[in-house]
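Read through the structure below, which is laid out as structure tokens, and then see the notes.
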Amino acid sequence: MAKTKNNTLKLQFDTTWNYAPAPESKSIASIKPRYELFINGEFVKPSSKKYFDTINPANEEKLSEVADANAADIDKAVKAARTAYDKVWSKMPAKERAKYIYRIARMMQERAREFAVIESLDGGKPIRESRDFDVPTAANHFFYYAGWADKLEYAFPNRTAVPLGVAGQIIPWNFPLLMAAWKVAPAIATGNTVVLKPAETTPLTALKLAEIIQEADLPPGVVNIITGAGATGAAIVNHPDIDKIAFTGSTDVGKIIQKAIAGTNKKATLELGGKAANIIFEDAPLDQAVEGVINGIFFNQGHVCCAGSRLYVQESVYKTVLRKLKDRLETLIVGDPLDKNTDIGAINSKQQLETIHKYIKIGQQEGAEMFQSSCALPGKGYFCRPTLFTNVAQSSRIAQEEIFGPVLTIQTFRTEDEVIEKANNTPFGLSAGVWTDKGSKIFNMTTKMRAGVVWANTYNKFDPTSPFGGYKESGYGREGGLHGLSAYVNLI
Ligand code: NAI
Ligand code: MG
């Protein structure tokens, strides 16, 4: 320990305090050199004959290449899904459907370590996150929705739940396996069939899921997993025989999808961006609050739609909170995603790193004051130091736009009404956090904040039983819980 300039104790990460490297072994991860499209229960070559690389963002090395599906491939996948829907899946007794979904959940648990390692290799997130959060939560979603499959009359009393048909599902790169589980599990539990597209930078765990689905003997065509970039996603959205689009990703693409399906019978759930406010009142347990703020924005490189990227601190405790935050920032370990001690892994892609750097520059140009941790960054790969901005104007771009990186803006407030107004002053409304000792304050805040989820004295907590989704430009529809089921059925 050493004293810093302002006389606070600070951990020194010199050689005496460095953790020894503790990398998770890669040997458990079997990654094929090339992946085809998973259509009608088989891996088939793309009609485009084209493939693209997926790399490890922590060292920029190629991990594998995956098929680039075009409109003809999408058509094949949709036809397989339609046939499976008409002939098999919608007709199967629900309790039989449930057995398949339980089987997928159990197989995912059995191969949890392999999934976690591949998730961290392909996307750059710390193994601690993929091992302790992404993979178990993904398996839990399959378990949870398997349980509902034959109990829909209890989910929707006095109504009959009828599946929608074929669902096109497009997911992003920040929680690749978990987003696949969020989308596939409720869809097939309610009797729909699926064409799923993972993001182009993180296709590998979805393709592993395809392997499990094949081994689980799920009837061919019930789940089809196809890879490609934006054009492939657009081909799914525009296919005339899709009944429902479920999308998670940027607000820009969400708007394109909304326009594309306007005037059609396609239903949609859109889970888009966020700019969540995390609010610390003077009566909050400050150490826990600081830890919650760190967890909320830095632990997943800020690649979280509900990331607490705007911090509001009550004026009387501002100095204390800022000092604690800076001290904690200095102790965060940035580096190898496979190392069990790593807090902040690799930024998912070069493009995303450039976006984050662009916003850091904008913050400085707008006159905000920047503080970055002094940690060393690995020589190769896409990494970003955790960054704080103070002296931030409410109207500044770094306080208004989604950065999707480890960048936190900090502002102060005096009263509850003032902070509610500031927190709501954003085009988004996905989530928020409140830190206070007073239950009444929590209730007041949760009713007045326009956010789909409000966490109190915690942050980024997820559970399959709990619905998730946003207001305003954060999208519409809910995933998770009963609400997540109702997004895949018509009630008659
Ligand atoms: P994106 O929205 O372009 O990508 C998400 C998914 O949509 C990917 O599978 C992609 O292939 C697909 N896609 C792209 N264009 C499409 C189109 N025209 N039609 C159908 N599907 C399409 O997100 P991107 O470019 O990777 O990230 C840009 C920004 O979006 C990030 O900086 C972040 O702010 C935000 N974002 C938000 C996410 C969230 O969870 N809400 C997740 C990922 C990104
Ligand atoms: Mg990758």
Side-chain angles (χ1 to χ4, degrees), residues 31 35 52-66 68-69 74 118-125 168-176 178-180 182-183 195-207 225-239 242 245-261 268 270-276 300-307 309 337 345-359 381-382 401-405 407 428 430-431 452 468-470 473-475 479:
I31 299 177
Y35 285 91
F52 60 94
D53 292 348
T54 184
I55 66 158
N56 175 351
N59 60 17
E60 299 167 55
E61 281 167 19
K62 175 175 170 178
L63 290 167
S64 181
E65 59 185 27
V66 300
D68 191 0
I74 301 300
I118 296 176
E119 199 73 307
S120 286
L121 283 172
D122 202 16
K125 68 169 60 195
Q169 307 182 319
I170 299 165
I171 58 174
W173 39 262
N174 52 346
F175 292 91
L178 183 57
M179 288 299 117
W182 273 30
K183 298 226 172 344
V195 177
L196 172 88
K197 189 192 87 62
E200 51 272 37
T201 54
T202 54
L204 294 182
T205 45
L207 291 161
I225 297 183
I226 49 100
T227 43
T232 311
I236 295 178
V237 171
N238 295 322
H239 194 288
I242 296 255
I245 295 291
F247 172 77
T248 301
S250 62
T251 299
D252 288 347
V253 173
K255 287 178 181 170
I256 294 174
I257 291 176
Q258 214 167 7
K259 276 189 201 144
I261 62 173
L270 304 176
E271 202 259 276
L272 310 175
K275 191 73 185 174
N300 217 343
Q301 301 77 249
H303 292 346
V304 188
C305 45
C306 50
S309 51
I347 300 301
N348 185 264
S349 65
K350 188 163 180 242
Q351 192 193 355
Q352 189 60 27
L353 183 61
E354 282 165 4
T355 303
I356 298 166
H357 283 160
K358 180 192 86 183
Y359 276 108
Y382 314 132
E401 296 175 20
E402 185 176 49
I403 301 175
F404 231 63
V407 181
F428 299 108
L430 195 55
S431 59
F468 183 81
E473 291 200 8
S474 292
E479 294 186 299

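Values reported hereafter were calculated over all heavy atoms of this structure, with side chains retained and with hydrogens, waters and symmetry mates removed. Order of appearance sets the numbers: ligands from 1, and atoms from 1 within every ligand.
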Centroid separation under 6.0 Å, is that true for the rings of W182 and F175?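 When the ring centroids of F175 and W182 are compared, they turn out to be at least 6.0 Å apart.
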
Logged contact type for A229 with ligand 1, heavy-atom cut-off 4.0 Å, is backbone

Heavy atoms only: which of K197, K275, H303, Q352 is nearest to atom 31 (C) of ligand 1? Q352

[X] to [Y] - nearest heavy-atom pair and separation:
| X | Y | answer |
| --- | --- | --- |
| C305 | E271 | SG-OE2, 3.4 Å |
| L353 | I347 | N-CG2, 3.6 Å |
| G345 | P337 | CA-CG, 4.3 Å |
| A229 | K197 | O-CE, 3.5 Å |

Enumerated ligand 1 atoms positioned under 4.0 Å from heavy atoms of [X]:
| X | answer |
| --- | --- |
| P172 | 42 (C), 43 (C) |
| I171 | 6 (C), 8 (C), 9 (O) |
| A199 | 9 (O) |
| C305 | 39 (C), 40 (O), 41 (N) |
| E200 | 8 (C), 10 (C), 11 (O) |
| A234 | 19 (N), 20 (C) |
| F247 | 2 (O), 6 (C), 7 (O) |
| G233 | 19 (N), 20 (C), 21 (N) |

[atom1]/[X] to [atom2]/[Y] distance, rounded to the nearest 0.5 angstrom?
| X | Y | atom1 | atom2 | result |
| --- | --- | --- | --- | --- |
| D122 | I31 | CG | CD1 | 7.0 Å |
| T202 | L207 | OG1 | CG | 10.0 Å |
| L272 | I257 | CG | CD1 | 8.0 Å |
| E473 | S250 | CD | OG | 11.5 Å |
| E60 | Y382 | CD | OH | 4.0 Å |
| N56 | K62 | CG | NZ | 14.0 Å |

Return the orientation label for the H303 and F404 ring planes: parallel under 30°, perpendicular over 60°, tilted otherwise. parallel

Work out the angle at the Mg ion (ligand 2) between O of T201 and O of I55, rounded to 10°.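 For O of T201 and O of I55, the angle centred on the Mg ion (ligand 2) reads 170°.
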
Close N or O approach ([X], ligand 1; < 3.5 Å):
| X | result |
| --- | --- |
| W173 | yes |
| L272 | yes |
| G228 | no |
| Q351 | no |

Contact check, I170 vs ligand 1, heavy-atom distance below 4.0 Å: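 Contact check I170 vs ligand 1: positive.
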
Could you tell me whether ligand 1 has any atom less than 4.0 Å away from a heavy atom of F175? no

In the structure I gave you, are the side-chain heavy atoms of Y359 and V407 within less than 4.5 Å of one another anywhere?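 No - every pair of side-chain heavy atoms lies 4.5 Å or more apart.
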
Restricting to N/O/S atoms, is T54 within less than 2.8 Å of the Mg ion (ligand 2) or not? yes

Taking 2.8 Å as the cut-off, does an N/O/S atom of N348 lie below it from the Mg ion (ligand 2)?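 No.
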
Protein non-hydrogen atom below 4.0 angstrom of atom 3 (O) of ligand 1 present: yes

Evaluate the 4.0 Å heavy atom contact test for atom 25 (O) of ligand 1: does a protein atom fall under the cut-off? no

